[in-house]
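So you know, we letter chains A, B, ... as the sequences are listed, proteins then strands, and number each from 1.
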Protein chains: 2
Amino acid sequence: MDRITGENVFMAVGIRDVARAAGVSPATVSRVLSGTPVDPAMRDAVLKAVETTGYRPNLAARRLRSRHTNTIGLIVADIRNPFFTAVSRTIEDMANRQGMRIILCNTDEDPAKEEAYLGLMEEERVTGVILAPARSTRKRPPRDFPTVLIDRTIPGEVFDCVVLDNISMADALVQHLVQRGHRRIAGLFGAESNTGRERRIGFEEAAARLGIAATSHAVPHADGEAAQVLHGILAGADRPDAIVASNGVMLLTVLRELRVLGLRVPGDIALAGFDNNDWMEFVGDGLTVIEQPVDEIGRTAMTMLAERIAHPENPARKVVLQGRLIVRGSSAAVDAAADMEAQSR
Amino acid sequence: MDRITGENVFMAVGIRDVARAAGVSPATVSRVLSGTPVDPAMRDAVLKAVETTGYRPNLAARRLRSRHTNTIGLIVADIRNPFFTAVSRTIEDMANRQGMRIILCNTDEDPAKEEAYLGLMEEERVTGVILAPARSTRKRPPRDFPTVLIDRTIPGEVFDCVVLDNISMADALVQHLVQRGHRRIAGLFGAESNTGRERRIGFEEAAARLGIAATSHAVPHADGEAAQVLHGILAGADRPDAIVASNGVMLLTVLRELRVLGLRVPGDIALAGFDNNDWMEFVGDGLTVIEQPVDEIGRTAMTMLAERIAHPENPARKVVLQGRLIVRGSSAAVDAAADMEAQSR
DNA sequence: TTGTAAGCGTTATCAG
DNA sequence: CTGATAACGCTTACAA
């Protein structure tokens, strides 16, 4: 594999050249560029000199000297997961508006990668980090930068974090399915993340409260293994009449397996889950889901990070956001589903 | 932060501290860290000292002094477009494996934003840039870094670039639809990007060759306006019997409008387009699309960038990649579609 | 307000 | 191979 070696030599124009062209000192140029009050005449001379010389400040030098990097690390599991894509985009927009740079990293749920990236953040001397911790309950060593967790918490550790109200959202999903007449519901949850655990708890509590038969299953993160587990659940004789999937990616895995088995939604089995993607209204009669407030999650994370930076000694805060139940065709009652199919003839 | 004293101990440990702890000079520490040959005994001493002191090199200082940033700028229209998400992920993975950092920017098709980000890249002294140019035919001023274009070219400018064979892929789509018995095909293309233009050309050429009535439409980038244009095309009495959409985002816009009008795919109208997303096999009987080799696009862009950096004087190259036609239910012949619906009763 | 000068933490140079 | 020393390009005391 060819390694990138070369380096382009930039225009050699530095702050001293601008100073000379403007007939002022480098310090004055620096002041103009940083907005410090400067005599208007000099200011104009400097700006003109910047223009004519084509000067571009060297951000590496600036960061080294000023000791602030204006950089935020954003570490997620996989940017291809639409939930993280959306949250990242919001965070990048906010950051850019504040003159901050983002370093984006994908852990693929691998604790080793997460560790490596956190190390990288230290070397970058980042202002702060927004982290969706990899599915792992291990303790994180304390870091030298403010950190805000998104999507997932780390049990027993005190970090600022912003998460969904997973328990009550899962509860709402079960309640909805029961209302629609479903009685044998299977829940599919990530085994390792705290978020998966919370959703399972909400799922089981609601089922118990409503007195229905609900079984929850731990689904591995790897796609192949997940399909296998799903097959076991769906192919048996005692197939559930409804499925709850713990997130959007899993929802897709379920759709894939249902297709393999030739099962139809909602005719043969109802389906509901977490995360609302733009395509979900178009599969079948639409997928019933809990929509996460992705924009608000991103905004809140950025705000919390800023406050943590400003007040390092404040106690850690946990912000729990509500989602929104979007009811679509995939959770229709079996009777209603039959009706709809009859009508469509 | 040291949790006892509240002092930031981390920032204080520099290469000199490591040198002192190891009983060597700072230069030797630097050599060990950069892999330059060093006496094994000293090497071990340094590595141990790095460990005990918890030393983290300061990347800003390293970049300033060494004059290479190991950073690549990646500028796309919108990371939420799954095509860019996928390409970005591939590029980030390759970059990380080579010890390179990525700076990701979204232009939202705004030339001003593109301009601003290109300026930022100069201030970051990036090693190179991978750019999906905003839909705009304007000339770009020459920059001080190697640049590789993806997805779109800039007519009349000499840049390395890697693009899809848009003309023949659009041609293949039309050919397929005609084969399936469709005769009145409407093509929807982005008006401003060169990619949209090329796809339109392939579309029109194929239609002319095959002697069918095909009309191409320029669809604005903004979602609301796009819907309006679509409405005009689909709601009239002379509704086409098939639609070709120029990309995945537009495909979704079409689905939305079809839903509003209560038109069914492929019963009332056939549908095909560009970009293959993971959900597309699940809407209706699946969406017929041209799949772009996203992974290869990313890999090729990185490779070309590396080669451009190594050989700045080489002539610019254009790599044209083939896509793959994935035939699914949305392009079924009207008769076949009727059959399928009959069977499903 | 402005200029002078001293670093920020690292790597490159060059002499030993 | 190793160590002293001088930058890299900028900001910021501190002095004027």
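- For Met42(A), counting side-chain heavy atoms from C-beta on, the closest listed nucleotide (dC10(D), dT2(D), dT2(C)) is dT2(C).
- The listed nucleotides are dG9(C), dT2(C), dG3(C); the one nearest the side chain of Val38(A) is dT2(C).
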message: Let's go through Arg89(B) and Asp93(B) carefully: what are the C-alpha distance in whole Å and the side-chain angles of both, what is the deciding distance for salt bridge (charged side-chain N to carboxylate O under 4.0 Å, His left out) to 0.1 Å, and is it a yes or a no?
response: CA-CA 6 Å; Arg89(B) 179 64 214 261; Asp93(B) 285 350; 3.1 Å; yes

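- When distances run from any side-chain atom of Asn58(A) to the nucleotides dC8(C), dG9(D), dT2(D), the shortest one goes to dG9(D).
- The pair Arg62(A)-Glu123(B) fails the salt-bridge criterion, with no side-chain N (NZ, NE, NH1 or NH2) lying under 4.0 Å from an Asp/Glu carboxylate O.
- Each of Pro37(A) and Ala27(A) lies near DNA chain C, and the nucleotide nearest Pro37(A) is the one positioned closer to the 5' end.
- In this entry the distance linking CD of Glu123(A) with P of dG9(C) reads 15 Å, nearest Å.
- Phosphate proximity of dC10(D) to Arg67(A): absent, as no side-chain N or O sits under 4.0 Å from OP1 or OP2.
- Put simply, Thr28(B) has a side-chain N or O that comes within less than 4.0 Å of OP1 or OP2 on dG3(D).
- Between Asn106(A) atom CG and Arg80(A) atom CZ the span is 7.5 Å, to the nearest 0.5 Å.
- Here the CD1 atom belonging to Ile91(B) is positioned 4.0 Å from the CD1 atom belonging to Ile130(B), to the nearest 0.5 angstrom.
- Distance, Glu124(A) CD to dG9(C) P: 16 Å, rounded to whole Å.
- Rounded to whole Å, the distance from CZ on Arg125(A) to C1' on dC8(C) is 11 Å.
- Rounded to an integer number of Å, the gap from Arg56(A) CZ to dC10(D) P is 13 Å.
- Counting non-hydrogen atoms under 4.0 angstrom, Arg31(B) reaches a base of the nucleic acid.
- The side chain of Arg62(A) sits closest to dC10(D) out of dT2(C), dC10(D), dG3(D).
- Checking Thr85(B) against Ser88(B) by side-chain atom types alone, no donor-acceptor pair falls below 3.5 Å.
- The distance between atom CZ of Arg20(A) and atom P of dT2(C), rounded to the nearest whole Å, is 20 Å.
- Between dT12(D) and Ser66(A), no contact under 4.0 Å exists linking OP1 or OP2 to a side-chain N or O.
- A salt bridge links Glu109(A) with Arg152(A): the closest approach of a Lys/Arg side-chain nitrogen to an acidic carboxylate oxygen falls below 4.0 angstrom.
- Here the C1' atom of nucleotide dT12(D) and the NE2 atom of His68(A) are 11 Å apart, to the nearest Å.
- Rounding to whole angstrom units, CZ of residue Arg16(B) and P of dG7(C) are separated by 11 Å.
- Closest to the side chain of Leu64(B), from the set dT12(D), dC1(D), dC8(D), is dC8(D).
- One N or O donor and one acceptor, one from the side chain of Arg65(A) and one from the base of dG7(C), sit under 3.5 Å apart.
- Rounded to whole Å, atom P of dT11(D) lies 12 Å from atom CZ of Arg63(A).
- Each of dT11(D), dT10(C), dG3(C) was ranked by its minimum atom distance to the side chain of Ile15(A); first place goes to dT11(D).
- The nucleotide whose nearest atom lies closest to any side-chain atom of Pro57(A) is, among dG3(C), dC10(D), dC1(D), dC10(D).
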